[in-house]
Amino acid sequence: MEALKEYFHIAVRNIKTRSLRSWLTIFGIVIGVFLIISLLSLSEGLKATINEQLQALGGEMVMVMPGGDEDIFSSMMFGGAQLEREDIEAIEKVSGVDTVLGYSFTGTTGRYEDEAKQIAIAGMDPWKESLEILGIFQGWDVAEGRWPVKDNEVVIGQVVAYDVFSREIKPGSEIIIKGRKFIITGILKSLGSRQDDSIVYMAMESYQDVTGEKRGTAAYAMVKLEEGADENIVAEDIEDTLSKTRKRRFGSDEEDFSVITSEKMGDIAGNILGIIQLVIFLFASVAIVVGGIGITNSMFTSVRERTREIGVMKAIGAKNSAVLIIFLFEAGIIGFIGGIGGTLLGAILAKGIELYGQAHPVFYFTASITPGLIIFGLVFSFFVGCLSGFIPARSAAKLKPVEALRRFE
Amino acid sequence: MTSEPVIKLENVWKIYQLGKVELAALRGVSLDINRGDFVTIMGPSGSGKSTLLNMIGSLDFPSKGKVFLKGKDISLMSENQLSQLRGKTIGFVFQEFNLLPNLDVLENITLPMVFQGLSLEKRKARAEELALSLGLKERILHQPAELSGGERQRVAIARAFANNPEVVIADEPTGNLDSITGKKVMEILTDFHKKEGKTVVVVTHDPNIAGYSEKIVNIKDGQITVNHQQAAEVLWRH
């Protein structure tokens, strides 16, 4: 154990001696670990956000969205093509469909008292029925105040009420959106996702007045099924009906909408997350391999430069394992320091994105920076360092004392 | 002397393969180095004296023949066993000093003891004792680059003495030093031999250095040409 301490000490001295090269090598690892930590924490955050969204959707509802299956998340997160009035009417006629709720949302500026902030607004059609259905099936409820009854009345999520503006919003207050005055009649209980809690909910007509969106359209539709209806059969029927409607209108067979049951949504989310995680893994692997090659390169140079020292150490009694450990320590320390830098920067970036998301509710996002992830970053980088340094260290350990002493003489 | 030689070479050949050509650096060398010997190995460049030194120091294995270190055939030992035995039995002093540039004087002296697994207290005590006896007390926290040639060689000698070895092998120990400093270095080695009864093997070109020894081995073309005891009166003429 004492010998290990001494080997560690020698390794630290060696790193310090070639400080510029050591720092450049460490920088390579910082980049790799930075990418791993930031991407992993963001992808974990994305996973959590999407899971929240899926839970909020619940069962007994079918979603209809413009765009093909592959565009679902981009349509959902950032908006896309619209469902036309004709589409919504066609869906209403499908057997097994009880009610079709049109739903659109966007980001805009809202003024409360003297303060203007970026907020998200959502329009729902039909207004009162939407709230009733969401109340029954999704468990929506007002925490303070009452449900709106008029078109100029709105309800707001918890985040809008307490976090967005510097002063808390009370029911009965006024909020001005694009020059139009709305009365806030109620504050909703938390809907289970921060994004949903960050929205001002209003009648579709008011929404369309404010945003200029075409009357009768919606970004997507939530379809409430009749009791006992099979969600898969109804979804298929909706798909057929919409295809016909759209073909008649555009003369094309292309399916530019998606009908999604909660089951399908789960599958799609699972697939997309799987791809995201794979891509992240590949990106991070490339970065870390490049950093690792940097360590290997630096260690080989170091072994070459210090061949004679290795010969001396062996002549005065160093076993192969002693030389191996000294060089492995050097590589491991380089990796570990790179890991500290990379983890720190990665966590800062992820946290920064999260804070940005909190300031801009439409872009809601949580970064997942757990102690486990930090420990993983540090242990992993030390391990990468050791692994990258292993071949140079072994080549140093295997040097014959007489050959090592003769070299560079 | 009836006891077993501390180092014994038995018909040792060392053949290097240079492409298709074989070069024999040592040709059937036999040599006994006994406990308490002070041996000088002399010979012109290319005579094979460095190769012989490597064999005596168990730094290399012979192509043919046998080398015994404390009665053990080194070819039958693993690399690690040999490293341990070498570190314990033999101290090396090199012409170029070969100190580790990143470690200070004290750390350089303690290094062989680290490899022998000695405790920190023992290492420190021994290194300080050696530094004191070799006049390096004020320099123990200095880096090798901050020392003069003579000081560096004294550090190298202290390192060679660290494990209290039975044999010290010095390869041209005065080669990079002026004559006065060189003489001091030789006096340290002579003291080690005389006072502690240890074995010293010196490789040199310098006939004056040879004058310190009681046994001179001349080597030419890979073979020992003269191997004789000097007269006792010659031994300590310096």
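A note on names: the letters A, B, ... follow the listed sequences, proteins ahead of strands, and every chain is numbered from 1. These numbers were taken from a predicted model, which means no experiment stands behind them.
- Within the 4.5 Å cutoff, the side chain of B:Asn102 has no heavy atoms near those of the A:Ile10 side chain.
- Sparse packing is recorded around CZ of A:Phe383, with 12 or fewer heavy atoms of other residues, nucleotides or ligands lying under 6.0 Å away.
- Taking 4.5 Å as the limit, every side-chain heavy atom of A:Val402 sits out of range of all side-chain heavy atoms of B:Phe61.
- Counting heavy atoms from C-beta outward, A:Leu405 and B:Asn54 have side chains that stay 4.5 Å or more apart.
- Closest heavy-atom contact between B:Leu59 and A:Ala315: CD2-CB, 3.6 Å.
- A donor-acceptor distance shorter than 3.5 angstrom exists from the side chain of B:Arg86 to the backbone of A:Lys314, with no hydrogens or angles considered.
- Note that the CG atom of B:Leu103 and the OG1 atom of A:Thr17 stand 8.5 Å from one another [nearest 0.5 Å].
- By the 4.5 Å heavy-atom criterion applied to side chains, A:Arg13 and B:Asp104 are counted as neighbours.
- Heavy atoms closer than 4.5 Å to chain A are found in both the backbone and the side chain of B:Ser119.
- For B:Leu85, no part sits under 4.5 Å from any heavy atom of chain A, backbone or side chain.
- Shown here is B:Gln17, whose CD atom has more than 12 heavy atoms of other residues, nucleotides or ligands within 6.0 Å.
- Atoms CZ and CD1, from B:Phe115 and A:Ile316 in turn, are 5.5 Å apart once rounded to the nearest 0.5 Å.
- Note on B:Pro101, B:Gly117, B:Pro165: by heavy-atom pairs under 4.5 Å with chain A, the leading option is B:Pro101.
- Ion pair B:Glu79/A:Lys319 not flagged as a salt bridge, since none of the NZ, NE, NH1 or NH2 atoms sits closer than 4.0 Å to an Asp/Glu carboxylate oxygen.
- Contact count against chain A (heavy-atom pairs under 4.5 Å) is highest for B:Glu107 among B:Gln95, B:Arg159, B:Gln81, B:Glu107.
- With hydrogens and angles disregarded, no donor-acceptor distance shorter than 3.5 Å links the side chain of B:Asn98 to the backbone of A:Arg308.
- Crowding of A:Ile391 atom CD1: a count of heavy atoms from other residues, nucleotides or ligands under 6.0 Å not exceeding 12.
- Surrounding CZ of A:Phe300 are more than 12 heavy atoms belonging to other residues, nucleotides or ligands, all under 6.0 Å away.
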Pair A:Arg306-B:Leu100, side-chain contact (heavy atoms from CB on, under 4.5 Å): steps then yes or no:
CA-CA 9 Å; A:Arg306 284 160 41 208; B:Leu100 266 61; over 6 Å; no
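- For the pair B:Ser83 and A:Ala318, the tightest heavy-atom approach, listed with the atom from each and the gap, is OG-O, 3.3 Å.
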